[in-house]
Number of protein chains: 2
Amino acid sequence: MTCQRCAILEAVRGVSSHPTADEVYEMVRENLPNVSLGTVYRNLEILSANGIIRKLGPEECKMRFDGNTKKHYHVRCRVCGRVDDVDVPSFLPPKARVRGNGEYKITGYSMEFTGVCPRCAKQKQA
Amino acid sequence: MTCQRCAILEAVRGVSSHPTADEVYEMVRENLPNVSLGTVYRNLEILSANGIIRKLGPEECKMRFDGNTKKHYHVRCRVCGRVDDVDVPSFLPPKARVRGNGEYKITGYSMEFTGVCPRCAKQKQA
DNA sequence: GTAGTTGCAAATTATTTGCAAGGCA
DNA sequence: TGCCTTGCAAATAATTTGCAACTAC
């Protein structure tokens, strides 16, 4: 636990704003002006891999396109990344309440399932 | 509706694999070897803006970090992108069934709410 | 002393944009 | 004719990586 890692952890814990790597970098730089962005990325990765902080965000940073515009849901294979359609019978989205701030207007949600596709499941067996 | 745009639309509609922009590019190139990747991006954007195809993917392509590792859900302001915590009382994730393939193992899900934060709601009024 | 960590700079990846030339209405 | 679109190449943006110097135990 180096000085940098500790400062990065404190920065993430010290705010409730779910900062991006770059925002963490800016925060840490106020106390340690010489930290490098690379160090911030490396430590955020290590801290979240160890369950000390949580990583929010896209499993994959690529846009995908679907010729089917009817509303439906997707599963994403967490091994190879492929995306398939799923049927979800009778799903009613839950009500969400923003903590401490009633003026937040919640207008929608997005949901995606995670799994292992047949091909990757088979490879794992071997 | 140019020749390129039509080929891009057909490529997306012709597969059920939810292709990335790059995969669409490769498909279109088989018939139109001179298309440029820029054209593919531009047309995918236009087609999805017009509701002709659907864009799947992250609202934002940046990782965010959360010092709170307890399970909870988030809202993302669709104007400024900020992320806040929400409480979701008693939510049981729905059952999903993969179309035409029972061997897909679904192991989890991710859900995020969308809305407008108080700050952006106020700016919109003015 | 040695394994892990740092700062820096260059590399990667996905995507966007500027621009001059071309095509369709 | 004039606006939209194209191909190309350069620009951006987020993130990763190679490397030599350094630090903690």
Side-chain angles (χ1 to χ4, degrees), chain A residues 1-12 17-66 74 76 78-83 112, chain B residues 1-12 17-66 76 78 80-83 112:
Chain A
M1 182 62 76
T2 62
C3 162
Q4 286 89 332
R5 185 167 303 171
C6 181
I8 289 165
L9 177 55
E10 276 185 18
V12 175
S17 63
H18 312 87
T20 61
D22 211 74
E23 286 161 358
V24 174
Y25 174 55
E26 291 303 334
M27 288 189 279
V28 172
R29 269 220 291 192
E30 284 174 19
N31 296 337
L32 295 173
N34 290 322
V35 241
S36 87
L37 188 52
T39 297
V40 172
Y41 272 102
R42 274 184 289 235
N43 280 302
L44 288 171
E45 185 57 41
I46 291 168
L47 290 168
S48 59
N50 284 65
I52 298 167
I53 62 176
R54 185 144 74 110
K55 199 197 263 186
L56 313 178
E59 336 288 305
E60 180 193 45
C61 220
K62 280 185 254 174
M63 281 294 169
R64 288 175 174 272
F65 298 87
D66 194 339
H74 296 109
R76 185 182 298 270
R78 75 173 124 81
V79 181
C80 69
R82 67 175 282 177
V83 174
E112 182 179 274
Chain B
M1 183 61 76
T2 62
C3 161
Q4 286 90 332
R5 185 167 303 168
C6 181
I8 288 165
L9 177 56
E10 275 185 19
V12 174
S17 64
H18 312 86
T20 61
D22 212 73
E23 285 160 359
V24 174
Y25 175 54
E26 291 302 335
M27 289 189 277
V28 173
R29 269 221 292 192
E30 285 175 17
N31 296 337
L32 295 173
N34 290 321
V35 239
S36 88
L37 189 52
T39 297
V40 172
Y41 271 103
R42 274 184 288 233
N43 280 302
L44 288 171
E45 186 57 41
I46 291 169
L47 290 168
S48 60
N50 284 66
I52 298 168
I53 62 175
R54 186 145 71 111
K55 200 198 262 184
L56 312 177
E59 337 285 307
E60 181 192 46
C61 219
K62 281 184 254 175
M63 281 293 170
R64 288 175 174 273
F65 298 88
D66 193 341
R76 185 183 300 270
R78 74 175 125 81
C80 69
R82 66 174 283 177
V83 174
E112 182 178 275

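Letters go in sequence order (proteins before strands), and every chain restarts at 1.
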Between A:M1 and B:M1, which residue's closest nucleotide on DNA chain D lies nearer the 5′ terminus? B:M1
Which heavy-atom pair separates A:P58 from B:E60 by the least distance, and what is that distance? CG-O, 3.8 Å
Can you figure out which of D:dT6, C:dT6, C:dT15 approaches the side chain of B:A21 most closely? C:dT15
Does A:E10 have any salt bridge (Lys or Arg N to Asp or Glu O under 4.0 Å) partners at least two apart in sequence or in another chain, and if so, which? none
Atom pair distance, as rounded to whole Å: OH in A:Y25 and C1' in C:dT6: 13 Å
Who passes ring-ring contact (aromatic ring centres under 6.0 Å, His included) against B:H18, sequence neighbours left out? A:H74
Using whole Å, what does the distance between atom P of nucleotide C:dT6 and atom CD of A:Q4 come to? 5 Å
salt_bridge(B:R42, B:E45) N-O dist < 4.0 Å: no
Separation of B:E59 atom CD from C:dA14 atom P, in whole Å? 19 Å
Shortest non-hydrogen separation from B:F65 to A:A21 and the atoms involved: CE1-N, 4.2 Å
If I take atom CZ in residue B:F65 and atom C1' in nucleotide D:dT15, what distance separates them, rounded to the nearest angstrom? 10 Å
Can you tell me the distance, in whole Å, between the CD atom of B:E60 and the P atom of C:dT16? 14 Å
Would you tell me if any nitrogen or oxygen in the side chain of B:T2 comes within less than 4.0 Å of OP1 or OP2 on D:dT6? yes
Within residues 27-52 of chain B, find the residues that approach DNA chain C with a heavy atom at under 4.0 Å, and present them sorted by residue number. B:L37, B:Y41, B:R42
